[in-house]
Amino acid sequence: MGFVLGKLGLGFRRVVTIGSLSMGIAIACTNILAKPAHSAEQIRFWYSPAGEFTIYISDLEQFAKQGKLSKRLEFYLGRLSSEQQNQLRETLATRYNISHVTAAQFAYSPIGEILMRRLGRILQITPQHNGFSSLRAALILSAQSDEGLTILNVLQRYPVPIIYLDLPRGLQAYAEVSQLLYKKEQAIAAIEKQAIAESSLNPTENKSLDIAKPDLRVMGNVQWTKEKFTYLQRDRNVRISAELYLPKDLTKPAPLIVISHGLASNPDTFQYLSQHLASYGFAVAALEHPKTGSRDFAAFLSGLSKSPQSEEAIQQPLDVKYLLDELEQKAKTDPIWRDRLNFEQVGLIGHSLGGYTVLALSGAQLNFNQINQECSTPEPNIASFNVAKILQCRFSSLDTNNTNLSDRRIKAVLALNPLGGSTLLGKEGVQNIKIPVAIFASGDDIFTPAVPEQFFPFVWLTNPHKYLVTFPKGTHFSFLERSDRGVLIVPESVVGEKPEFTHPHTKALSLAFFQTYLNQRPEFTSYLTNNYVQAIASPRFPASLTTNFSESQLLQSLDLKP
């Protein structure tokens, strides 16, 4: 899900589709109706056995804008701490800089419709009447207004006088969110405990020695060049653009690392890491996936193309395969490329959807039994707002013959905030990986939550050469670099602490990992320890590394039975 930081680019040739046409009609209607005929004044809900309660939206507005609690609202919020009240106020008033075109395109996309319908079962226009259409209209109108898209503005522009809150269903959704966001604290505490135990097993590795020589966070001495090229992805029948960082003055072919980005992203977001690895003698190839890259995704958000389809779960790994094929062919036929790349030493780095991509290429197989089991509940009975799971359930229509996307050339993979471990791959799929794997997880990742998407896949890995690096304060954007070719401006509250805090860890640990498993240099394993991670971590942005955390430990930390 790696949305890039940047501005929406609209320089694309117009493509008329039924989806964009219907979205355009909706926008036209909202332009005519700058203000809805009715706007919400109250939120009503039934709390048994006490009866019916009412919250006035004007009270919420006063609270959000002025910080004042009316007597009516104090009845509900008076027991919250000042910190909790401030958090609620910020939640209501935070402005998301998203245009009404982008909001409409999202609301009419397959995932957007699912989320709108599920939320509409909680925020109803009459008791038992889904508020989907009203919610979608309010979302677009809010984004179009001078005040911009905020939760308060969406509530105010709900085109009915009374919003009926289905409290039981809302509490059910809250319970799931709590499981994803709050129970992970218990899991992280258990992981940190295990990491400390592993550190104590190596008392001779003191912190000063770990960071003394060499400092892997510092750029290396190898000079490199950057070349751009395109290649044909025969399955898609399209040409894909890629960038290759190639070390100079090689005495032998360089090990190759391929980087696969996340949704709405591009190679720019890992430029800092590409350059760092190249400065130590690795060749790095970074491609922009069709459909999910920032260029094509911007076209979707601006109404000029369709949303990414479920086939991307197959096509993205094939993008990488064809890239390797192209480079291997060039190395055989082009004198400029000959003897410069080693295809027996290939590593992968992937973020979010790219994280799924590299896991699939490393041997993880699509698990359609898991997909069907997780996604079989009829839609009206679902209160889930786990975006990662919603996205994975869309893959249930894939061709079941394409379960093995592995590539023998891959020798080690690094997955950052990977998507797909919980449902698309599952335990059976992940256990097929037989090569070294490092997984980076972020505690505050709301797009690919750490517990289902990273912690469980890690404990399912059977290869002993595995590493889990956890950043409790990290988010989905912590490993990315700002890109001028981005498609969304992400609020700072979602980005979290400055991503630059994690970049030294990413550079040092990825370098140590690939030196160990591509260049076969075991002396670098001393960097792949919790002692080293603690030596370079800061109190403001802590981290831990474990290699032996088990499934039973994870289940116990979550109060679940093995």
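In this structure, E198 contributes its side chain and N548 its backbone to a donor-acceptor pair below 3.5 Å. Within the 3.5 Å criterion, the main-chain N or O of R117 finds a donor-acceptor partner in the side chain of N130. The backbone N or O of A543 sits nowhere less than 3.5 Å from a side-chain atom of K473 that would complete a donor-acceptor pair. Between the side chain of T546 and the backbone N or O of A195 there is no donor-acceptor pair closer than 3.5 Å. Here the side chain of Q392 pairs a donor or acceptor atom with the backbone of A388 at under 3.5 angstrom. Here the side chain of N463 pairs a donor or acceptor atom with the backbone of K434 at under 3.5 angstrom. Not one N or O on the side chain of Y467 forms a donor-acceptor pair closer than 3.5 Å with the backbone of L509. Side chain of Q345 to backbone of L256: no donor-acceptor contact under 3.5 angstrom is found. Between the R239 side chain and the T230 main chain, a donor and an acceptor come within less than 3.5 Å of each other.
Residues S362 and I435 come closest through the heavy atom pair CB-CD1, 3.6 Å. In plain terms, the two heavy atoms of S442 and A450 that are nearest each other are O-CB, 3.6 Å. Smallest separation of non-hydrogen atoms from L277 and S510: CD2-OG, 4.0 Å. The minimum heavy-atom distance between E113 and Y108, with the atom names listed, is OE2-O, 3.8 Å. Shown here for N367 and G429, the closest heavy-atom pair between the two residues is ND2-N, 3.9 Å. Nearest heavy-atom pair across F479 and Y272 is O-OH, 2.8 Å.
Taking the side chain as every heavy atom from C-beta outward, L232 and Y322 never approach each other to under 4.5 Å. When side chains are defined from C-beta on, L119 does not count as touching L115, because their heavy atoms never get closer than 4.5 Å. When side chains are defined from C-beta on, N369 does not count as touching Q373, because their heavy atoms never get closer than 4.5 Å. A heavy-atom distance below 4.5 Å is not found between the side chains of L327 and Y231. Contact of the F514 side chain with the I349 side chain is registered, since non-hydrogen atoms from C-beta on lie closer than 4.5 Å. Counting only heavy atoms from C-beta outward, the side chains of T448 and P418 never approach each other to under 4.5 Å. With a 4.5 Å cut-off on side-chain heavy atoms, V358 and V320 do not count as touching. The shortest side-chain heavy-atom distance between I240 and L323 does not fall under the 4.5 Å cut-off.
Heavy-atom contacts from other residues, nucleotides or ligands closer than 6.0 Å to CD of E551 number more than 12. For D559, the CG atom counts as densely surrounded, since its 6.0 Å shell holds more than 12 non-hydrogen atoms of other residues, nucleotides or ligands. The local environment of NZ in K193 is sparse, with at most 12 non-hydrogen atoms from other residues, nucleotides or ligands closer than 6.0 Å.
Ring geometry, H476 versus H351: the interplanar angle falls from 30° to 60°, so the pair is classed tilted.
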Next on the checklist: Walk me through whether V437 and L359 qualify under side-chain contact (heavy atoms from CB on, under 4.5 Å).
Outcome noted: CA-CA 9 Å; V437 176; L359 291 176; 4.3 Å; yes
Next on the checklist: For I125 and Y164: C-alpha separation, side-chain torsions, deciding distance, then whether side-chain contact (heavy atoms from CB on, under 4.5 Å) applies.
Outcome noted: CA-CA 6 Å; I125 57 175; Y164 290 89; over 6 Å; no
Item to check | side-chain contact (heavy atoms from CB on, under 4.5 Å) assessment of K411 paired with E344 | outcome: CA-CA 8 Å; K411 299 300 190 293; E344 295 303 317; 3.9 Å; yes
Checklist entry - Can H505 and F471 be said to form a ring-ring contact (aromatic ring centres under 6.0 Å, His included), step by step? => result CA-CA 10 Å; H505 290 82; F471 299 87; 5.3 Å; yes
Checklist entry - Do M116 and L139 pass the side-chain contact (heavy atoms from CB on, under 4.5 Å) test, and can you show the C-alpha distance, the side-chain angles, and the key distance before you say yes or no? => result CA-CA 10 Å; M116 293 289 105; L139 179 75; 4.3 Å; yes
Item to check | salt bridge (charged side-chain N to carboxylate O under 4.0 Å, His left out) between K291 and E311, intermediate numbers included | outcome: CA-CA 10 Å; K291 306 301 181 183; E311 288 77 12; over 6 Å; no
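To the nearest 0.5 angstrom, H261 atom NE2 is 5.0 Å from E288 atom CD. In this structure, OG in S422 is found 7.0 Å from CH2 in W460, a value given to the nearest 0.5 Å. N530 contributes atom CG, which lies 11.5 Å from atom CD1 of I191 (distance to the nearest 0.5 angstrom). Rounding to the nearest 0.5 Å gives a distance of 12.0 Å between CG of L425 and CD of Q431. In this structure, D325 CG and F343 CZ are separated by 9.0 Å, a value rounded to the nearest 0.5 Å. Note that the CZ atom of R121 and the CZ atom of F132 stand 11.5 Å from one another [nearest 0.5 Å].
Between the side chains of D319 and Q233, at least one donor-acceptor pair of N or O atoms lies under 3.5 Å. Counting only N and O atoms by type, the side chains of E243 and Q271 include no donor and acceptor under 3.5 Å apart. T423 and Q370 share no donor-acceptor pair across their side chains, judged by distance under 3.5 Å alone.
Taking the centre and axis of the six-membered ring of F458, the NZ or CZ atom of K466 falls inside the cone set by 45° and 6.0 Å.
The existence of a salt bridge linking R236 and E312 is confirmed by a sub-4.0 Å separation between a basic side-chain nitrogen and an acidic carboxylate oxygen.
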